[in-house]
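Accompanying notes for the structure given below.
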Amino acid sequence: MKDLIFVASRDLRYMLRQRETLLWVFAMPVLFFWFIGTVTGGFGGRDPNAPTPIALVAPDDAGFLADEVARRLTEDSYRVQRAAVRDSVSGYSRKLTLPAAFTDSVLAGHQREVWFEHSREGIDADYENVRVARAVYRVLADLVAAGDTVSPAAIAALDAEPRNLTLRVETAGERRDPPSGFEQAVPGTMVMFTLLVMATSGAILLVIERREGLLRRLASTPIPVSAVVLGKWVGRLALGLVQIGFAMLVGRLLFHVNWGPNLAVVLFVMLVYGAMMAALGLLLGTLVRTEKQAAAIGVISANLLGALGGCWWPIEVTPAWMQKLALFLPTGWAMNALHELVNFAGPPAAVLPHLVGMAAATALLLWLVARAFRYE
């Protein structure tokens, strides 16, 4: 144990003194958190349940029916910005425009049109149309129900009447919506960068030690090969845990990521994943001959496994074949376990297969390292 700790501590100190390692452990992940989280829907941590901004362009003579339209939009989870002219709300991507003398014309029995403009496309556009149309038609229904005595007081009286029909909405089961924004970007980047650092810095250090004869000098000491292999694995694992702990702390404090009700299990999942990545980096450093080979294989594998394993985007939104493929990848195991615990609030037992698979893979990788390890 003393020899193992000696080797591990020396390796960890050496890696933490390298500027490249510090850059990719502490600086680059935070940049990726912000960039990917913003692009994929986080927008600075905006709550997806927050009201949707919309501009209601209603001339000064639009009357009290314009107020009713604004109220119905607010009830349908819109944040309404009133304006008399369109030019004053040019920055809004959603605009509902009412004609001049809107209330007087409608009460006089004249047909009037309202215009809704937005920048959405596809199913999002259909959803916006339905939401706005629902608000407008509710105002129309109030007019019909009020009959010949339409006034703000009459509409308020209609709202106060008990409803003969009610609708109760309940969740059919556990949340299965794929995460977006920082909920996806922070765990995904953390998983991918742990692989990247272990497969580059962790492998390159071993190549340098072999090339410069440091491993030969270590072979001349009474430290057994098993202690050397395990020590180097523990050193890389310690670096991975530093990176994971920093990423989770930054994700919570800066990007408001909620790590779910089973934080201890999340930490254990990342511990096992870090152990697997440390063993993978050690095996790569054992097999390659040069630093360039280690860097090239590490970068390519991290990006490829990150994309296919669901680090770049939620794997739940990909085709079925890609979701099945992710179940055979180490990044897919980690991301699926994190989604179960963090996003879907699953029980700890839900990630037991993931833990068993990653632990078995770690043991296999360490066995391969022990078989292939060489001092020169």
Within the side chain of [X], is there an N or O that forms a donor-acceptor pair under 3.5 Å with the backbone of [Y]?
X: E316; Y: P179; answer: no
X: N262; Y: G346; answer: yes
X: E291; Y: I208; answer: no
X: T103; Y: A62; answer: yes

Gap between atom [atom2] of [Y] and atom [atom1] of [X] - 0.5 Å precision:
X: M15; Y: M198; atom1: CE; atom2: CE; value: 6.0 Å
X: Q243; Y: M190; atom1: CD; atom2: CE; value: 9.5 Å
X: R138; Y: R72; atom1: CZ; atom2: CZ; value: 4.5 Å
X: F116; Y: K95; atom1: CZ; atom2: NZ; value: 10.0 Å
X: L196; Y: N303; atom1: CG; atom2: CG; value: 7.0 Å
X: L368; Y: L280; atom1: CG; atom2: CG; value: 10.5 Å

I'd like to check the ring pair (Phe, Tyr, Trp, His ring centres under 6.0 Å) partners of [X]; sequence neighbours left out, ordered by chain and number.
X: F328; value: none
X: W24; value: F193
X: Y92; value: none
X: F26; value: F246

Below 4.5 Å, heavy atoms only, C-beta onward: do [X] and [Y] meet side chain to side chain?
X: N258; Y: V342; answer: no
X: L308; Y: T331; answer: no
X: M358; Y: P330; answer: no
X: T189; Y: C311; answer: no
X: L366; Y: W233; answer: yes
X: P59; Y: F102; answer: no
X: V89; Y: Q81; answer: yes
X: L287; Y: Q293; answer: no

Hphob cluster co-occupancy, [X] + [Y], side-chain heavy atoms under 4.5 angstrom:
X: L4; Y: V369; value: yes
X: W313; Y: W34; value: yes
X: L284; Y: V299; value: no
X: V351; Y: L267; value: yes
X: W115; Y: Y78; value: no

* For the ring pair F33 and F35, is the centre-to-centre distance below 6.0 Å? ->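 No, the ring of F33 stays outside the 6.0 Å limit from the ring of F35, centre to centre.
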
For [X], does the [atom1] atom have more than 12 heavy-atom neighbours from other residues, nucleotides or ligands under 6.0 Å away?
X: Y137; atom1: OH; answer: no
X: F268; atom1: CZ; answer: no
X: R217; atom1: CZ; answer: no
X: R374; atom1: CZ; answer: yes

Of all heavy-atom pairs between [X] and [Y], which one has the smallest distance, and what is that distance?
X: G309; Y: I315; value: C-CD1, 4.4 Å
X: A101; Y: D61; value: N-OD1, 3.2 Å
X: S301; Y: L195; value: O-CD2, 4.1 Å
X: G235; Y: L12; value: O-CD1, 3.9 Å
X: G306; Y: M192; value: CA-CG, 4.2 Å
X: R210; Y: G285; value: NH1-O, 3.2 Å

* For L283, which of L364, L206, L365 qualifies under side chain to side chain contact (heavy atoms under 4.5 Å, CB included)? ->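 Of all the options given, the one that passes is L365.
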
* Assess whether side chain to side chain contact (heavy atoms under 4.5 Å, CB included) is satisfied between R71 and I155, documenting all intermediate values. => CA-CA 12 Å; R71 181 169 68 89; I155 294 177; 3.9 Å; yes

What I want to find out is whether [X] reaches [Y] closely enough, with some N-O distance under 4.0 Å, to be called a salt bridge.
X: R10; Y: E209; value: no
X: D76; Y: R131; value: no
X: R112; Y: D104; value: no

* If you link ILVMFWY side chains whenever their heavy atoms are less than 4.5 Å apart, which other residues fall into the same cluster as L352? By chain and number, please. =>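 Members besides L352, by chain and number: V356.
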
* Asked: Given a cutoff of under 4.5 Å between side-chain heavy atoms of I, L, V, M, F, W and Y, with clusters grown through shared members, what are the other residues clustered with L249?
  ->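 L253, listed by chain and number.
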
* Yes or no on side chain to side chain contact (heavy atoms under 4.5 Å, CB included) for N343 and Q184, after CA distance, side-chain angles and deciding distance? -> CA-CA 9 Å; N343 304 114; Q184 164 65 27; 6.0 Å; no

* **Test log, rule side chain to side chain contact (heavy atoms under 4.5 Å, CB included), inputs V57 and E117** => CA-CA 11 Å; V57 181; E117 307 166 69; over 6 Å; no

* Would you sort out whether E340 and H354 count as a side chain to side chain donor-acceptor pair (under 3.5 Å), showing the intermediate values? => CA-CA 11 Å; E340 286 289 341; H354 307 75; over 6 Å; no

* Verify side chain to side chain contact (heavy atoms under 4.5 Å, CB included) between L341 and W259, making sure each step is shown before the conclusion. => CA-CA 8 Å; L341 294 171; W259 293 107; over 6 Å; no

